[in-house]
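FYI, the numbering just counts along the sequence from 1. Counting convention: from 1, in listed order, for ligands and their atoms alike.
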Amino acid sequence: MSEYKIETKCVQGGYTPGNGEPRQIPIIQSTTFKYSTSEDMGKLFDLEASGYFYSRLQNPTCDYVAAKITEMEGGAAGMLTSSGQAANFFAMFNIAGCGDHIVASTSIYGGTFNLLSVTMTKMGIETTFVDPDASEEEISAAFRPNTKLLFGETIANPALTVLDIEKFAKVAHAHGVPLVVDNTFPTPVGCRPIEWGADIVTHSTTKYMDGHGSAIGGAIVDSGRFDWNAHAEKFPGLTTPDESYHGIVYTEKFGLEGAFITKCTAQLMRDFGCTQSPQSAYLLNLGLESLHVRMPRHCENAQAVAEFLNAHPKVDYVNYCGLPGDKYHALARKYLPNGSCGVVSFGVKGGRAAAETFMKHLKLAAIETHVADARTCCLNPATSTHRQMTDEQLIAAGVPAELVRMSCGLESKEDLIADIAQALDAI
Ligand SMILES: *Cc1c(COP(=O)(O)O)cnc(C)c1O
């Protein structure tokens, strides 16, 4: 499939049925798989043969869909997880353990920020956060001898900053560690971070990939290009024997292409069990089949909404990298030439009260803690997700009281703009 364009991979990647086999990816709704001899099954447990024995580790439906996402990202191997949170945790915990250190962009999803700053800190993994717009020297200064990876988001949720992937990759590689990029917002239709030097890509498939608000899920794709052996002392989990599998060495047995994902499946999926269900993987695949058709429409609607808001007297400011005046417009032209995403954020004049009045009067855009859905939705973080914060804290967190985040769906842009216009009139 690697020779095909992204549109073809969205539709046909990952699964090629043989003669008389189902045309659509079958839902293999089975926890377990049958073997004739213990010897046959033993080979699977020793990682001597590949195959299925228990769906906590691997299931064919999930593997077909993971293979599609891997092809779409241009990676070497991939896996599905139960959520985007699980994907980011696994991608990082697969190479960073107690006593290790991570450098991450400050401009990331709130759930990932908590994962790093609270939960992984309790596990003995420290994170230093860096401004994504900082210079190479400033980002470099955050590294320590025990740093194991650099992390960022292509388009950050909800800040909508655009990551300079090449800059981040250069710094990570200069320190002998991989760059992990959460590519949830643009999807591989808009940007393929591996082409710009990222080593591992993660997704919350809950967002545009599913696209219909139907199933929580995540994915991890490994480029297979990071040379773990060249920095073997930093990554003993991949380059020294795993006693829980009779002393195999992942990089020796599975090569650079297979080591990361095999270890992640064999150890982390085995022990944490953050498995995506075959039903969810099936729904995810339906979303992927139309992703390349839906993304341009999300972007077109968001661009029209952003332009309308930008020219409106009751709107103070608009964040959308598709606007020529946006701080991230130049980076977006480089990394996201075909459009960024459907999410726009803006401030209404009149603060929190004006934002509340505006949202109350919207008819099409529902108030939801969700983005990247076929249906337009919006959120005022100050009165919902961040309501425990004072106005000063909200400003420091980059979500001032008047900020509204709007995820533009697939409706008519004229209808969306008319809805926004009447709600602004109500302020
Ligand atoms: C939503 C989101 C996540 C978390 O994904 P879940 O599927 O909700 O667990 C991670 N990263 C980004 C950028 C997200 O938008």
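- For residues 156-192, the ring-ring contact (aromatic ring centres under 6.0 Å, His included) pairs, not counting sequence neighbours, are Phe143-His175.
- Salt-bridge check for Lys334 with Glu166: passed, with a basic side-chain N closer than 4.0 Å to an acidic carboxylate O.
- Sorted by first then second residue, the side-chain hydrogen bond (donor to acceptor under 3.5 Å, both in side chains) pairs that include residues 103-124, not counting sequence neighbours, are Ser107-Thr161.
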Output side-chain donor-acceptor pairs under 3.5 Å for residues 344-367, partner residues at least two apart or in another chain, one line each.
from, atom 1, to, atom 2, distance (Å)
Ser345, OG, Asn319, ND2, 3.0
Lys349, NZ, Pro313, O, 2.8
Arg352, NH2, Asp391, OD1, 2.1
Thr357, OG1, Ala353, O, 2.9
His361, ND1, Thr357, O, 2.8

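- Of all heavy-atom pairs between His203 and Pro188, the closest is CE1-CD, 3.7 Å.
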Any protein N/O atoms within less than 3.5 Å of an N/O atom in ligand 1? List the atom names and distances, or say none.
from, atom 1, to, atom 2, distance (Å)
ligand 1, 5 (O), Ser204, OG, 3.0
ligand 1, 7 (O), Gly84, N, 2.9
ligand 1, 7 (O), Ser204, OG, 2.8
ligand 1, 7 (O), Thr206, OG1, 2.6
ligand 1, 9 (O), Gly84, N, 3.1
ligand 1, 9 (O), Gln85, N, 2.9
ligand 1, 11 (N), Asp182, OD2, 2.7
ligand 1, 15 (O), Asn157, ND2, 2.9
ligand 1, 15 (O), Lys207, NZ, 2.6

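- Ring centroids of Phe308 and His312 are separated by less than 6.0 Å, placing the two rings close together.
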